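What you are looking at is a predicted structure, and each value in this text was computed from that prediction instead of being measured.
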Amino acid sequence: KTDKEQNKLVNEIVGRISKIKSKAEISENQVKTICSDIKNLDNAKKNLTWTISALKKQMMLITAIDQLREACISKSYKEAARLIEATADLLKTFEEYKSVPQIKQIGEEREHLCNQLRIQISEELKVISYEKGLNKTFFEAFLAMTALGPKAIDECKTWFCKFILERYKKVYAPTEEAGALERVKHRFHWLKKTLRDFYERFGPFFPHD
């Protein structure tokens, strides 16, 4: 072939290579665009999934708060204990958003109900007599107090100690015959009997923990 023909052939080859390269660049850009779109869609899907899950949990929390209110009014203390723990677990999922007005309001409503329940049970405990003892209702009340946390548990312990020692104060008052110092041994017998009574009469009504 002549030089002219060879130059023409080379130019054609170079032209084809340029077109192929150009198409490759276009394809690469298209792939990058598609990948970016897919990533954006994936993020949108994740955000939508999280939002739906959060809304479901919020509805569950609101429903549980309403049920807790009803349980307090009806004195369904066993159910109240379950709902106290359930609402606490649900609120943990919104820990990062507790300053959001809606979540803050729900948390404050729960705290109010828990305080009211603690006061309600504490008042009911005050009217118990040693002779009549406790019943199933008070066992469930103790479950609720346990679910309410350390402050309520301490109040239960304080009440029960006073409840038991009230009899001691009456029997061994300085003005009573049993209150004489020479009857100290009798006081130890009373303590042993009281401890036995606790395990037999009252022990079953307290949560194991």
side-chain contact (heavy atoms from CB on, under 4.5 Å) with [X]: which residues, sequence neighbours excluded?
X: E85; result: A147
X: R110; result: I65, I84, T87, A88, L91, C114
X: K78; result: E140, L143
X: Q102; result: Q58, V100

What is the minimum heavy-atom distance between [X] and [Y], and which atoms define it?
X: I106; Y: I62; value: CD1-CG1, 3.8 Å
X: A71; Y: L83; value: CB-CD1, 4.4 Å
X: F138; Y: E124; value: CE2-O, 4.1 Å
X: F142; Y: C156; value: CD2-SG, 3.8 Å
X: Q120; Y: C72; value: NE2-O, 3.2 Å

Sequence neighbours excluded, which residues qualify as side chain to side chain donor-acceptor pair (under 3.5 Å) partners of [X]?
X: Q67; result: none
X: E108; result: none
X: E123; result: K126
X: S99; result: none

Any heavy-atom pair between the side chains of L117 and I121 that's under 4.5 Å? yes

Decide yes or no for K92 and D89: does some side-chain heavy atom of the first lie under 4.5 Å from some side-chain heavy atom of the second? yes

Taking only residues at least two apart or on different chains, which pairs with a member in residues 142-163 satisfy salt bridge (charged side-chain N to carboxylate O under 4.0 Å, His left out)? R118-E155

Going by salt bridge (charged side-chain N to carboxylate O under 4.0 Å, His left out), name the pairs with one or both residues in residues 53-67, residues two or more places apart or in two chains. D66-R69

List in chain and number order the residues that pass salt bridge (charged side-chain N to carboxylate O under 4.0 Å, His left out) with E70, two or more places apart in sequence or in another chain; answer none if no residue qualifies. none

Test of understanding: with salt bridge (charged side-chain N to carboxylate O under 4.0 Å, His left out), list the residues that count as partners of E96, not counting sequence neighbours. none

Between K98 and E95, is there a side-chain N and carboxylate O pair less than 4.0 Å apart? yes

Flag yes if more than 12 heavy atoms outside E111 fall under 6.0 Å of its CD atom; otherwise flag no. no

Does I153 share a hydrophobic cluster with M145, counting links as ILVMFWY side-chain heavy atoms below 4.5 Å and allowing steps through other members? no

Distance from I73 atom CD1 to L68 atom CG, nearest 0.5 Å? 10.0 Å

